[in-house]
There are 2 protein chains.
Amino acid sequence: MTDNADNALNALYPVLAALPAAANQRLQQHAQVVSVPAGAVVFDELQACQGFPFVLSGSLRVVKAAPNGRELPLYRVTPGETCIISSACLLGHAPYNARGIAETETRLLLLPNADFQALLGEAAFRDFIFQLFSERIADLMQLIEEVAFRKLDQRLAALLLGKGQRLHVTHQQLADELGSVREIVSRLLKGFAEQGLVALSREQVDILDPAGLRRVAAG
Amino acid sequence: MTDNADNALNALYPVLAALPAAANQRLQQHAQVVSVPAGAVVFDELQACQGFPFVLSGSLRVVKAAPNGRELPLYRVTPGETCIISSACLLGHAPYNARGIAETETRLLLLPNADFQALLGEAAFRDFIFQLFSERIADLMQLIEEVAFRKLDQRLAALLLGKGQRLHVTHQQLADELGSVREIVSRLLKGFAEQGLVALSREQVDILDPAGLRRVAAG
DNA sequence: GGGCGTCTGTAACCTTGGTTACACAGCCTG
DNA sequence: CAGGCTGTGTAACCAAGGTTACAGACGCCC
């Protein structure tokens, strides 16, 4: 690991900076910086988990892939966060059960399995992982609720909210985010537009009536 | 806590038996045995998490409840296991995001929040929780895959498998297990019967062709 | 045996969301 | 300007699953 990456790492993951010298040294000796281009598949279903990734820059999108090629986004991993799927795989000695894709050009610090396990011996690090575990669990529960019970218009309305008044996205991108297809999103957006909730233009959605959208989202 | 419960607890949760004397004493002083009847709601969505439950006997069914009253089972907690939702809530100081129901008459040992946190100071206990966390994550991933991508006939076929050759269940119970409704399960079972995969009778499903069912389940 | 509650069978109908198949608009580039 | 690419609009059709509404079957208990 370069000094440069080391600095970035400690800034992003304060918990590492606080580690005892020995642990830190071990990390520096064995961790490996890799850079992956946008769109690259960093890990995939059924694949054995090779190491634990810290995200230095860029971001990972973790998705569940359907047999027919569609994908349902589970969560994102941004710098300073970690990937619970990776933790779970390493801890449970199980293969991955989701796919990790670099959203943009992404730099990762890959920590080999054995060193990750050793790092878990440090109380501070263990607590850090624990904390992220429990946050993600809540996210996953939310996701289960959405896919099992919510209709697509509700989910779309929710997706549009909380990202400012003007969104620069294509219908396809929205569809991907929902695990659906472009035509349906277009259809629903048209409905929203007819109700005066949004205004549509190329690669752009303007929120006209946030309260109305919230009402739709709430079902 | 009674000596009796103490013995049961240590037998079911070996990790507790191995705790230092001080921790064990604290647990015995503050933990409280409660007994709940079958069907009782032990915790519910949006409710603050009062304590951490160890299951002594019986079992909990943890479900996500839909606005319309239907429920999707997430997982079960049997004696010797723990409830990650509870862990996640206590760790993240968030309210519950699912409902826990006693499947049968169930005895729980409830550990207050503060004592749970203290117990996490013990490396062995922390590892125990960690391990269960990662196992459950895999389950939840599996569930997401099912509800998002699998059709109901595939899920039903999978549900029927691996429980022996003759099942004593009502269609309603199967529907509940899938988060669906009775009529659809009846319709699908009829289809299975017509293909010679199963034989149906009152409160009973006989598996005639496991391999065929497995094929259906695989899609 | 008669009445009641539970379980099952089944048909008609509806909603949601996905699929297929285009048309067209805007824009960039050779 | 032509040609091509990307994004959007839209309609017809389809499949899955849920809803409604019954009817009959079986078992149990009075």
Side-chain angles (χ1 to χ4, degrees), chain A residues 38-39 64-72 145-160 166-195 197-206 216-217 219, chain B residues 38-39 64-72 145-160 166-195 197-206 216-217 219:
Chain A
K64 193 82 188 158
N68 64 10
R70 250 155 64 197
E71 292 179 346
L72 179 71
E145 160 134 27
E146 286 200 6
V147 299
F149 300 139
R150 300 279 176 204
K151 285 191 299 175
L152 209 54
D153 57 346
Q154 301 177 283
R155 296 177 58 206
L156 177 58
L159 180 61
L160 293 176
R166 168 166 294 179
L167 312 193
H168 293 279
V169 283
T170 68
H171 297 183
Q172 183 63 57
Q173 287 168 333
L174 292 171
D176 289 345
E177 209 61 34
L178 297 170
S180 179
V181 296
R182 205 260 315 162
E183 290 86 337
I184 307 297
V185 169
S186 290
R187 186 197 282 173
L188 292 173
L189 283 175
K190 185 190 168 196
F192 289 173
E194 281 168 359
Q195 294 173 60
L197 301 176
V198 301
L200 302 176
S201 45
R202 190 186 175 85
E203 292 186 59
Q204 186 175 305
V205 179
D206 289 280
V216 173
Chain B
K64 193 79 186 161
N68 62 12
R70 253 156 62 197
E71 293 179 346
L72 180 71
E145 160 135 27
E146 286 198 7
V147 297
F149 301 139
R150 298 280 177 205
K151 285 192 297 174
L152 210 54
D153 59 346
Q154 299 177 283
R155 295 177 57 207
L156 177 58
L159 180 61
L160 294 176
R166 168 166 295 181
L167 312 193
H168 292 280
V169 283
T170 68
H171 297 183
Q172 184 63 55
Q173 287 169 334
L174 292 171
D176 289 345
E177 209 61 34
L178 298 170
S180 180
V181 295
R182 204 261 314 163
E183 290 86 337
I184 308 296
V185 169
S186 289
R187 187 198 281 173
L188 292 173
L189 282 175
K190 184 191 169 196
F192 289 173
E194 281 168 358
Q195 294 173 62
L197 301 176
V198 302
L200 302 176
S201 44
R202 189 185 175 85
E203 293 184 59
Q204 187 174 305
V205 180
D206 288 279
V216 172

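Within every chain, numbering begins at 1; the chains are lettered A, B, ... in the order of the sequence lines, protein sequences first and strands thereafter.
Below the 3.5 angstrom threshold, one finds a donor paired with an acceptor across the side chain of B:Arg182 and the base of C:dG9. For A:Arg202 and D:dT6, a side-chain-to-base donor-acceptor distance below 3.5 Å is present, hydrogens and geometry of angles not being considered. A donor and an acceptor atom never sit less than 3.5 Å apart when one is taken from the side chain of A:Arg70 and the other from the base of C:dG18. Within 3.5 Å, a donor on the side chain of B:Arg187 pairs with an acceptor on the base of D:dG18, or the reverse.
Among the heavy atoms of the strands lying under 4.0 Å from B:Leu152 are primed sugar atoms or P, OP1, OP2 only; no base atom is included.
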Inset, instruction - Report the C-alpha distance between B:Phe149 and A:Leu72 in whole Å, list the side-chain angles of each, state the deciding distance to 0.1 Å, and finish with yes or no for side chain to side chain contact (heavy atoms under 4.5 Å, CB included). - result: CA-CA 9 Å; B:Phe149 301 139; A:Leu72 179 71; 3.8 Å; yes

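Atom CD in A:Gln173 sits about 14 Å away from atom C1' in D:dT8, given to the nearest Å. Distance A:Lys151 NZ to D:dG18 P: 14 Å, rounded to the nearest Å. If you take CG of B:Asn68 and P of D:dG18, they are 10 Å apart, rounded to a whole angstrom. Between the CZ atom of B:Arg155 and the P atom of D:dG17 there is a distance of 9 Å, rounded to whole Å. If you take NE2 of B:His168 and P of C:dT6, they are 21 Å apart, rounded to a whole angstrom. Note: CG (B:Leu200) to C1' (D:dA25) measures 15 Å, nearest angstrom. Following rounding to the nearest Å, B:Leu174 (CG) and D:dG17 (C1') show an atom-to-atom distance of 17 Å. Whole-Å rounding puts the A:Leu188 CG to C:dG17 P distance at 7 Å.
The strand DNA chain C forms stems, runs of 3 or more Watson-Crick or G-U wobble pairs with distances below 3.5 Å, at C:1-30 with D:1-30.
Look at B:Lys190 and you'll find a side-chain N or O under 4.0 angstrom from OP1 or OP2 of C:dT10. Contact check, B:Ser180 against D:dG18: a side-chain N or O comes under 4.0 Å of OP1 or OP2. The phosphate of D:dT6 (OP1 or OP2) has no side-chain N or O of A:His171 nearer than 4.0 angstrom.
A side-chain donor-acceptor contact under 3.5 Å links B:Gln154 to the backbone of B:Lys151. No donor-acceptor pair under 3.5 Å is formed between the side chain of B:Arg182 and the backbone N or O of B:His171.
Atom-to-atom distance recorded for A:Leu160:CG and A:Leu189:CG is 6.5 Å, nearest 0.5 angstrom. For the atom pair CG of B:Asp206 and CG of B:Leu167, the computed distance is 8.0 Å after rounding to the nearest 0.5 Å.
If you find the closest nucleotide of DNA chain C to A:Arg150 and to A:Glu183, the one lying nearer the 5' end belongs to A:Arg150. Along DNA chain C, the nucleotide nearest to B:Gln172 and the one nearest to A:Gly179 differ in position, and the one closer to the 5' end is contacted by B:Gln172.
With sequence neighbours excluded, the residues satisfying side-chain hydrogen bond (donor to acceptor under 3.5 Å, both in side chains) with A:Asp176 are A:Gln172.
Residues B:Gln173 and B:His168 share a closest heavy-atom pair of OE1-O, 4.4 Å.
At a threshold of 4.5 Å between non-hydrogen side-chain atoms, the residues A:Val147 and A:Arg155 count as touching.
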